[in-house]
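Order of the sequence lines fixes the chain letters, A, B, ..., with proteins taken first and strands second; residue numbering starts at 1 for each chain. Everything quoted here is computed from the prediction, not taken from an experiment.
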Amino acid sequence: SQQGEEDPQALSIQEGENATMNCSYKTSINNLQWYRQNSGRGLVHLILIRSNEREKHSGRLRVTLDTSKKSSSLLITASRAADTASYFCATDASSSNTGKLIFGQGTTLQVKP
Amino acid sequence: DAGITQSPRYKITETGRQVTLMCHQTWSHSYMFWYRQDLGHGLRLIYYSAAADITDKGEVPDGYVVSRSKTENFPLTLESATRSQTSVYFCASRDRYTEAFFGQGTRLTVV
């Protein structure tokens with residue numbers, strides 16, 4: 001079964017609004033990563049947050065991590081039509097030394113102009 | 001060119017045929033991965049490799065074979081393609097504890 005589960009599965013907002021996506025996972029992690037995928041393209045890395053970090057920022061992106069609840073959230077502020085994409089969280093489990101990343105099913109974000 | 005490349009980008013094959021998808025990375029990353037992406041399932045890990053000659057099964061390995069004789073290459077073979085293997089396949093590479101870099105994907109259709 002997949003490590004990460006994302007919520008909501010789909011999100012539709014107006015340009016300028018904020019978008020929040022949540023990710024829950026099951027096991028202890030080394031880090032958690034967020035990726036974006038534009039339609040028909042490969043995944044692009046957005047941000048990595050380590051297990052000892054609680055919050056990280058990158059431009060209009062803000063990621064939080066709560067290891068006690070095994071959850072993370074991605075906030076995109078002042079969204080733009082170009083932010084329309086699917087967003088995935090991926091976990092790097094600490095229980096094994098395999099280096100593998102397990103992905104959630106993703107959140108599809110639509111930003112209406 | 002630096003990066004990770006997959007070939008072919010598109011492939012149509014018949015049921016029962018053997019198909020090999022290629023993946024090549026130029027960074028000498030230790031870890032390489034194959035995922036498949038299907039509607040409603042997100043990305044599911046097929047196989048991964050921690051180094052040359054070290055491979056292991058992921059979540060959905062049945063019907064697939066991998067090899068990694070060189071650090072930079074990680075081919076994925078469908079030994080006898082089935083319609084259920086119609087999917088988009090992504091290769092990725094990374095170093096330990098860092099982000100992954102993805103190829104552009106191979107869209108495979110089995111008819």
Side-chain angles (χ1 to χ4, degrees), chain A residues 1-10 21 23-53 56 58 61 63 85-108, chain B residues 3-7 9-10 21 23-25 27 29-52 54-61 66 68 71 74 87-108:
Chain A
S1 61
Q2 288 175 303
Q3 164 79 309
E5 293 187 3
E6 293 171 62
D7 171 61
Q9 290 190 344
M21 291 159 256
C23 171
S24 60
Y25 58 92
K26 298 174 183 175
T27 64
S28 298
I29 58 172
N30 291 309
N31 62 68
L32 185 144
Q33 305 179 24
W34 286 90
Y35 290 80
R36 185 178 87 179
Q37 184 182 35
N38 290 92
S39 181
R41 309 294 293 271
L43 278 75
V44 175
H45 178 259
L46 294 176
I47 200 162
L48 180 155
I49 186 165
R50 292 182 170 78
S51 60
N52 61 353
E53 297 175 313
K56 208 160 183 181
S58 177
L61 305 181
V63 168
S86 293
Y87 292 82
F88 295 88
C89 69
T91 50
D92 182 346
S94 58
S95 57
S96 63
N97 195 29
T98 62
K100 60 184 179 181
L101 287 175
I102 300 299
F103 284 79
Q105 293 191 12
T107 293
T108 300
Chain B
I4 181 165
T5 54
Q6 294 182 232
S7 61
R9 291 291 312 279
Y10 303 92
L21 311 183
C23 179
H24 175 79
Q25 53 108 351
W27 296 293
H29 286 160
S30 299
Y31 297 90
M32 295 189 74
F33 311 88
W34 276 105
Y35 294 90
R36 60 177 289 174
Q37 185 174 32
D38 305 288
L39 203 61
H41 289 280
L43 276 83
R44 291 183 290 176
L45 182 63
I46 304 171
Y47 268 95
Y48 61 99
S49 169
I54 301 175
T55 62
D56 207 347
K57 297 177 180 179
E59 302 166 275
V60 288
V66 293
R68 195 170 177 203
T71 299
F74 191 39
S87 186
V88 181
Y89 292 84
F90 287 100
C91 177
S93 71
R94 69 186 291 227
D95 278 328
R96 195 72 174 95
Y97 307 123
T98 66
E99 71 268 33
F101 295 86
F102 281 78
Q104 289 285 71
T106 295
R107 187 174 294 273
L108 176 68

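- In terms of the salt bridge (Lys or Arg N to Asp or Glu O under 4.0 Å) criterion, Asp95(B) has no residue partners (sequence neighbours excluded).
- Contacts between Gln6(B) and chain A at a heavy-atom distance below 4.5 Å are absent for every atom of the residue.
- For Tyr31(B), the part lying near chain A is the side chain, with the backbone staying farther off; criterion is any non-hydrogen pair under 4.5 Å.
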Working for side chain to side chain donor-acceptor pair (under 3.5 Å), residues Gln33(A) and Tyr35(A): CA-CA 7 Å; Gln33(A) 305 179 24; Tyr35(A) 290 80; 2.4 Å; yes
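- When each of Ser49(B), Ala100(B), Ala50(B), Gly58(B) is scored by its heavy-atom pairs under 4.5 Å with chain A, the top score falls to Ala100(B).
- Using a 4.5 Å cut-off between heavy atoms, Phe101(B) makes no contact with chain A at all.
- With sequence neighbours excluded, no residue forms a side chain to side chain donor-acceptor pair (under 3.5 Å) with Glu6(A).
- In this structure, Ser30(B) contributes its side chain and Ala51(B) its backbone to no donor-acceptor pair below 3.5 Å.
- Neither the backbone nor the side chain of Gln9(A) comes within less than 4.5 Å of any heavy atom of chain B.
- At a 4.5 Å heavy-atom cutoff, the contact between Leu48(A) and chain B is made by side-chain atoms alone.
- Aromatic ring pairs are classed by plane angle as parallel below 30°, tilted from 30° to 60° and perpendicular above 60°; the pair Tyr89(B) and Trp34(B) is perpendicular.
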